[in-house]
A.B. asks: 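Please see the structure below; I have some questions.
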Amino acid sequence: MRSVTLIAPAKINLYLEIIGSRPDGFHELAMVLQTISLSDRITINPIGIDAITIRSNDPSLPNDHSNLAYRAAALMVKQFPDMMARYGGIEIEINKRIPVAAGLAGGSSNAAAVLVGLDLIWDLGLTQDELQTLGAEIGSDVPFCISGGTALATGRGEVLSPLLNLDNLYVVLAKFRNIAISTPWAYQTYRQQFSSSYISEADDLKSRQQRVHSGPMVAAIMKRDGAKIGQLLHNDLEKVALPEYPQVADLRDAFIAQGVLGAMMSGSGPTVFALVESQAEADRVSDAVQNQIANQNLLLWTTKFVSTGIHLAES
Ligand code: ATP
């Protein structure tokens with residue numbers, strides 16, 4: 001078996017609306033997801049024993065079945081039981097650059113890379129649809145991470161409608177090293193506070209569709225209108241996260257004060273992102289916010305929209 005190295009990019013949410021509860025316990029969502037150039041590198045190496053092992057440059061990451069990359073490999077071994085006998089065991093080497101538990105889907109993207117990588121080195125020839133169906137078993141964001149670009153995601157986030165690919169916008173990401181927000185906490189708190197506004201399962205399809213408000217954002221994307229996209233950024237989870245973590249709200253306000261197209265928390269946070277129109281503007285905004293907040297726990301990255309999901313690294 002040969003080794004393969006894949007690029008596993010992060011995502012941001014341009015739009016996240018919580019529509020209601022689902023019988024499976026997840027939330028019904030309407031999201032617009034966007035791949036950005038900040039990425040991890042995942043290398044899959046052959047090893048001499050019939051096992052799955054994880055090696056990473058981040059000591060805080062689990063190296064057992066609780067690592068999403070491990071779970072993706074275990075799922076592939078379960079689906080294709082002959083492959084390990086034929087090709088031997090697998091070492092997954094994770095070179096992390098995407099901050100962990102940050103609302104940027106780093107773990108989901110790593111899992112997506114393992115699915116794509118094993119399909120390649122085991123020569124399975126799976127279609128993107130087949131890979132995404134497997135990905136949905138691991139996590140709601142995994143199918144999007146496989147295809148990437150710009151997409152409307154509905155259901156629990158796994159039903160994807162590709163939108164026009166945008167690659168003309170730049171993103172400044174910022175995160176406090178000492179603040180972590182648990183995704184289950186964010187959704188559970190939202191449910192406690194806002195479930196009275198959820199659609200009910202008895203609502204017919206028409207009234208359900210009338211309750212989804214992602215249309216203007218989708219239209220702005222189809223027109224490649226960066227200014228409008230910035231104005232229409234929306235994330236329901238800010239309603240629970242920002243009051244609980246005022247530093248995250250201050251960070252978002254600091255970006256807005258710089259005259260960016262728009263700024264918002266990504267996913268369940270705590271990463272905040274700002275949209276701007278050029279690399280030079282991204283660098284200026286990043287420096288200005290760094291100086292204004294003046295906190296040694298603040299980390300910043302400048303990155304940009306990209307139109308590809310998981311892909312092979314250039315050697
Ligand atoms: P999302 O935006 O999908 O909610 P996230 O960016 O908030 O994801 P991740 O970085 O994917 O969060 O990590 C969430 C949790 O998953 C962390 O507690 C982390 O320890 C665990 N985890 C498991 N595998 C990985 C992985 N390969 N990379 C990052 N985190 C992982």
Side-chain angles (χ1 to χ4, degrees), residues 6-16 18 26-27 29 31-36 38-44 52-75 90-117 135-136 138-146 148 151 153 155-158 160 171 173-177 179-190 235-238 240-241 245 248 264-273 299 301 303 309-310:
L6 298 120
I7 304 296
K11 63 89 185 138
I12 54 173
N13 296 74
L14 301 176
Y15 189 88
L16 191 164
I18 299 175
F26 286 95
H27 277 94
L29 303 172
M31 300 191 286
V32 176
L33 302 172
Q34 174 64 52
T35 308
I36 56 173
L38 179 68
S39 52
D40 294 340
R41 277 172 84 92
I42 305 294
T43 301
I44 304 176
I52 302 164
T53 62
I54 302 271
R55 189 150 63 94
S56 162
N57 64 340
D58 180 342
S60 74
L61 274 189
N63 58 10
D64 58 10
H65 65 277
S66 55
N67 193 304
L68 294 172
Y70 183 103
R71 264 193 241 168
L75 179 64
I90 307 150
E91 177 195 65
I92 301 166
E93 199 181 321
I94 303 176
N95 191 337
K96 265 247 162 258
R97 290 178 59 226
I98 305 170
V100 174
L104 300 171
S108 301
S109 188
N110 293 176
V114 170
L115 297 178
V116 172
I138 300 161
S140 305
D141 284 341
V142 179
F144 171 75
C145 291
I146 291 173
R156 58 183 169 91
E158 86 292 15
L160 299 172
V171 184
L173 297 173
K175 175 185 180 293
F176 290 105
R177 213 193 308 254
I179 299 181
I181 302 180
S182 132
T183 303
W185 172 85
Y187 279 100
Q188 276 159 23
T189 309
Y190 192 91
N235 182 353
D236 274 339
L237 293 174
E238 283 192 335
V240 291
Y245 299 94
V248 178
M264 193 176 73
M265 189 178 82
S266 182
S268 56
T271 304
V272 170
F273 70 88
L299 303 171
W301 297 260
T303 165
I310 303 300

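Both ligands and their constituent atoms are indexed starting at 1 by order of listing. This one's a predicted model, so the numbers in the text were calculated from it and none came from an experiment.
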A.B. asks: Quick test of your reading of the structure: of Lys11, His65, Lys96, whose heavy atom lies closest to atom 28 (N) of ligand 1?
C.D. replies: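 Checking each option, the heavy atom nearest atom 28 (N) of ligand 1 is found in Lys96.
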
A.B. asks: What is the distance from atom CG of Leu16 to atom OG of Ser266, rounded to the nearest 0.5 Å?
C.D. replies: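 Spacing of CG (Leu16) from OG (Ser266) equals 8.5 Å.
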
A.B. asks: For atom 19 (C) of ligand 1, find the nearest protein heavy atom and state the residue, atom name and distance (0.1 Å precision).
C.D. replies: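 Here the nearest protein heavy atom works out to Val100 CG1, 3.7 Å.
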
A.B. asks: Do the side chains of Leu115 and Val142 get nearer than 4.5 Å, heavy atoms only?
C.D. replies: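 Yes, side chains in contact.
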
A.B. asks: Using heavy-atom distances, let me know which of Ala101, Ser66, Ala8, Pro184 sits nearest atom 13 (O) of ligand 1.
C.D. replies: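 Minimum heavy-atom distance to atom 13 (O) of ligand 1 goes to Ala101.
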
A.B. asks: Within a distance under 4.0 Å of any heavy atom of Asn110, pick out the atoms of ligand 1 and give their elements.
C.D. replies: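 Answer for ligand 1: 26 (C), 27 (N), 28 (N).
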
A.B. asks: Begin with the C-alpha distance, continue with both residues' side-chain angles, and end with the deciding distance and a verdict on side chain to side chain contact (heavy atoms under 4.5 Å, CB included) for Ile90 and Val114.
C.D. replies: CA-CA 10 Å; Ile90 307 150; Val114 170; over 6 Å; no

A.B. asks: Does Glu158 reach the side chain of Asp141, with side-chain heavy atoms less than 4.5 Å apart?
C.D. replies: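 No, side chains not in contact.
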
A.B. asks: For atom 4 (O) of ligand 1, what is the closest protein heavy atom, and at what distance to 0.1 Å?
C.D. replies: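 The answer is Thr183 OG1, 3.3 Å.
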
A.B. asks: Does Asp40 come within less than 4.0 Å of Arg97, counting only side-chain N to carboxylate O?
C.D. replies: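 Salt bridge flag = no for Arg97 with Asp40.
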
A.B. asks: Starting from atom 7 (O) of ligand 1, find the nearest protein heavy-atom neighbour and note its residue, name and distance.
C.D. replies: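 Result for atom 7 (O) of ligand 1: Gly103 N, 2.9 Å.
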
A.B. asks: If you measure every N or O of Ala69 against every N or O of ligand 1, does any of those distances drop under 3.5 Å?
C.D. replies: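 Ala69 vs ligand 1: no N/O contact under 3.5 Å.
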
A.B. asks: Are Ile36 and Ile12 packed together at the side-chain level, in the sense that at least one heavy-atom pair is separated by less than 4.5 angstrom?
C.D. replies: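 When only atoms from C-beta onward are counted, Ile12 and Ile36 do touch, with a gap below 4.5 Å.
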
A.B. asks: Side-chain contact, heavy-atom cut-off 4.5 Å: Phe144 with Met31?
C.D. replies: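 No, their side chains stay 4.5 Å or more apart.
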
A.B. asks: Distance alone, cut at 3.5 Å: any donor-acceptor contact between the side chains of Ser60 and Asp58?
C.D. replies: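 Asp58 and Ser60 do have a side-chain donor-acceptor pair below 3.5 Å.
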
A.B. asks: Quick check against the 3.5 Å criterion: does Asn63 have a side-chain atom that pairs as donor or acceptor with the backbone of Ser56?
C.D. replies: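 Here the side-chain-to-backbone pair does not exist.
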
A.B. asks: What protein heavy atom sits nearest atom 20 (O) of ligand 1, and how far away is it?
C.D. replies: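 The closest one turns out to be Pro62 CD, 3.9 Å.
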
A.B. asks: Among all protein heavy atoms in this structure, tell me which lies nearest to atom 31 (C) of ligand 1, with the distance rounded to 0.1 Å.
C.D. replies: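 Going atom by atom, the protein heavy atom closest to atom 31 (C) of ligand 1 ends up being Leu61 CD2, 3.8 Å.
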
A.B. asks: What residue and atom, counting heavy atoms only, is the protein's closest point to atom 16 (O) of ligand 1, and at what distance?
C.D. replies: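 Checked against all protein heavy atoms, atom 16 (O) of ligand 1 sits closest to Leu68 CD1, 4.7 Å.
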
A.B. asks: Could you tell me if any non-hydrogen atom of Ala105 lies under 4.0 Å from any atom of ligand 1?
C.D. replies: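 Contact check Ala105 vs ligand 1: positive.
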
A.B. asks: With only distance considered, is Leu104 within less than 3.5 Å of ligand 1 through an N or O on each side?
C.D. replies: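 So ligand 1 has an N or O lying under 3.5 Å from an N or O of Leu104.
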
A.B. asks: Starting from atom 11 (O) of ligand 1, find the nearest protein heavy-atom neighbour and note its residue, name and distance.
C.D. replies: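 Its nearest protein heavy-atom neighbour is Gly107 N, 2.8 Å.
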
A.B. asks: Could you find the nearest protein heavy atom to atom 3 (O) of ligand 1 and give me its residue, atom name and distance?
C.D. replies: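 Going atom by atom, the protein heavy atom closest to atom 3 (O) of ligand 1 ends up being Asp141 OD2, 2.7 Å.
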
